[in-house]
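In what follows, a single structure is set out as structure tokens and then discussed.
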Amino acid sequence: MWPFLKMKLSLLIVPLTLGSASALTDPYRDWKRPGLGDVRAPCPMLNTLANHGFLPHDGKDITEDDTVRALGTALNFDEDMSKLLHKFAVSTNPAANATTYNLDHLSRHNVLEHDASLSRVDAYFGNQAIFNKTVFDQTRSYWKGPIIDLNESVRARLARLETSNATNPTFTLSPLAKSFGLGEIAAYIAVLGDITSATAVKARIEYFFEHERLPTKLGWTKPGVLSKPDFENMLQRVINATEEVSGGAVKFAKRSGITGLHATLSD
């Protein structure tokens, strides 16, 4: 009798133990909404990293080490790319000689945050740190099938620019903000999609924007190592597609005058 009971107990304990080990080794398993006193940014990816605990969950006093570790562990960014993005984020901290940032610092208008977001209202209309379904519904209306291609991504971006320009009396884009708008397309394709084909699974992108959570439950896995040249090449493809789709009407996309983010990546 006892050997039989021992065998049954061992069969019960093994899957429980394996389940616990899996939970401990899955860095994406933990996810928690922001709570009282936590701050968030207009950037859904940084919010996502804070929600998962890769960045401090309260979104405050984020150091270079925090940024490098979070981007490397969660998204496979290399150290140089991670340090560059930390430098951009710190530029939004209003304190002199800052070396850290809070996520809500990124809401300072027209530094990195910009009008014509894919998922946020313009600063003129309200809080740009909060996901806005109406804005995002316009963006995704240009994603026609289950796979988003590069031209669809660009058309959605151009539509958001046209809408903001037509409805926001204070509409403006700094040179850096213009480049960040292009870079956001490059980033979601490189991180959440397929960088080779410049495509992404629509369901995963929608899930990411709507929940500020990495879409592991929809089959997403961390990409291969992403470096500055990877993002620079992807950004150039976005620029080329923007020129083609717009018929050359989008002046900031001309190869001869790439400013802001692209120029900094080339430094």
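Quick caveat: nothing in here was measured; it's all calculated off a predicted structure.
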Task: No-hydrogen, no-angle side-chain donor-acceptor test under 3.5 Å, Ser117 and Gln128 - done: no
- [ ] Examine Ile185 and Ile147 and state if one hydrophobic cluster contains both, with Ile, Leu, Val, Met, Phe, Trp and Tyr joined whenever side-chain heavy atoms are less than 4.5 Å apart.
- [x] no
Task: Minimum-distance pair of heavy atoms, taken over all atoms of Asn47 and Leu103 - done: OD1-CD1, 4.0 Å
TODO: Taking the side chain as every heavy atom from C-beta outward, state whether Thr100 and Ile62 have any atom pair closer than 4.5 Å.
DONE: no
Open item on the list: Can you give me the closest heavy-atom contact between Arg237 and Ile195, atom names plus distance?
Closed with: NH1-O, 2.9 Å
TODO: Report the residues that fulfil side chain to side chain donor-acceptor pair (under 3.5 Å) with Tyr207, sequence neighbours left out, ordered by chain and then residue number.
DONE: none
Task: Inter-residue atom distance Asn110.CG - Arg108.CZ, 0.5 Å rounding - done: 11.0 Å
TODO: Search all heavy atoms of His57 against all heavy atoms of Gly35 and return the closest pair with its distance.
DONE: CE1-N, 4.2 Å
Task: Ala89 backbone acceptor or donor facing Thr92 side chain under 3.5 Å - done: yes
Open item on the list: Let me confirm one number: the NZ-OH distance from Lys60 to Tyr101, rounded to the nearest 0.5 Å.
Closed with: 15.0 Å
- [ ] Spell out, yes or no, whether Phe54 and Val68 are grouped together once hydrophobic residues are joined by side-chain heavy atoms under 4.5 Å, including indirect joins.
- [x] no
Open item on the list: Testing Leu112, Leu106, Val111 one by one against Phe88 for a side-chain contact (heavy atoms from CB on, under 4.5 Å), which residue passes?
Closed with: Leu112
TODO: May I ask you to decide if the ring planes of Tyr28 and His52 are parallel, tilted or perpendicular, using 30° and 60° as cut-offs?
DONE: perpendicular
Task: Main-chain N/O of Leu55 paired with Asp66 side-chain donor or acceptor, under 3.5 Å - done: no
TODO: For the pair Glu210 and Arg140, find out whether any cationic side-chain nitrogen is under 4.0 Å from an anionic carboxylate oxygen.
DONE: yes
TODO: Kindly say whether Gly53 contributes a backbone atom to a donor-acceptor pair with the side chain of Asp30 at under 3.5 angstrom?
DONE: no
- [ ] Give a yes or no on this: more than 12 heavy atoms of other residues, nucleotides or ligands lie within 6.0 Å of atom CZ of Phe171.
- [x] yes
Task: Min side-chain heavy-atom separation Thr48-Trp31 under 4.5 Å - done: no
Task: His86 backbone acceptor or donor facing Glu64 side chain under 3.5 Å - done: no
Open item on the list: Checking Leu218 against Val201 for the side-chain contact (heavy atoms from CB on, under 4.5 Å) test, could you report, in this order, the C-alpha distance in whole Å, the side-chain angles of both residues, the deciding distance, and whether it holds?
Closed with: CA-CA 9 Å; Leu218 299 181; Val201 176; over 6 Å; no
- [ ] Keeping the roles fixed (side chain from Asn93, backbone from Ala95), state whether a donor-acceptor pair exists under 3.5 Å.
- [x] yes
TODO: Look up atom OG1 in Thr139 and atom CZ in Arg155, then write down how far apart they are to the nearest 0.5 Å.
DONE: 14.5 Å
Open item on the list: With side-chain contact (heavy atoms from CB on, under 4.5 Å) as the criterion, how do Leu173 and Leu161 come out once you've worked through the C-alpha distance, each side chain's angles and the decisive distance to 0.1 Å?
Closed with: CA-CA 10 Å; Leu173 286 175; Leu161 285 167; 3.5 Å; yes
Task: Over all atoms of both residues, closest heavy-atom pair of Pro44 and Arg120 - done: CB-NH1, 4.0 Å
Open item on the list: As an exercise, state the distance from NZ of Lys217 to NE2 of His211, rounded to the nearest 0.5 Å.
Closed with: 7.5 Å
TODO: Report the C-alpha separation of Met81 and Leu71 in whole Å, then their side-chain angles, then the decisive distance to 0.1 Å, and conclude whether the side-chain contact (heavy atoms from CB on, under 4.5 Å) test is met.
DONE: CA-CA 9 Å; Met81 187 66 194; Leu71 292 175; over 6 Å; no
Task: Distance, nearest 0.5 Å, that separates CG of Asn51 from CD of Glu212 - done: 6.0 Å
Open item on the list: I need the minimum non-hydrogen distance between Ile205 and Leu192, along with the two atoms involved.
Closed with: CD1-CB, 3.6 Å
Open item on the list: Checking side-chain polar atoms at under 3.5 Å, does Tyr124 have a donor or acceptor matched by the opposite partner on Thr167?
Closed with: no
Task: Side-chain (Lys228) to main-chain (Asp80) donor-acceptor, under 3.5 angstrom - done: no
Task: Side-chain donor or acceptor of Asp230 paired with backbone N/O of Ser227 under 3.5 Å - done: yes
Open item on the list: Quick one: does any side-chain atom of Arg204 pair with a main-chain N or O of Pro215 as donor and acceptor, under 3.5 Å?
Closed with: no
Open item on the list: Less than 4.5 Å apart, side chain to side chain, heavy atoms only: is that true for Leu75 and Leu226?
Closed with: no
Task: Minimal non-hydrogen separation, His114 against Ala177, with atom names - done: CB-CB, 3.5 Å
Task: Side-chain H-bond candidate by donor/acceptor type, Gln236 with Asn240, under 3.5 Å - done: yes
Open item on the list: Assess the residue pair Tyr142 and Arg157 against the criterion (side-chain contact (heavy atoms from CB on, under 4.5 Å)); give the C-alpha distance rounded to whole Å, side-chain angles, the decisive distance to 0.1 Å, and a yes or no.
Closed with: CA-CA 9 Å; Tyr142 289 83; Arg157 166 75 180 152; over 6 Å; no
- [ ] Report yes or no: does Asp122 contribute a side-chain atom to a donor-acceptor pair with the main-chain N or O of Asp115 at less than 3.5 Å?
- [x] no
Task: Side chain Asn102, main chain Asp104, donor-acceptor under 3.5 Å - done: no
Open item on the list: How long is the straight-line distance from CG of Asp194 back to CD1 of Ile189, given to the nearest 0.5 Å?
Closed with: 9.5 Å
Task: 4.5 Å side-chain heavy-atom contact, Leu150 and Val238 - done: yes
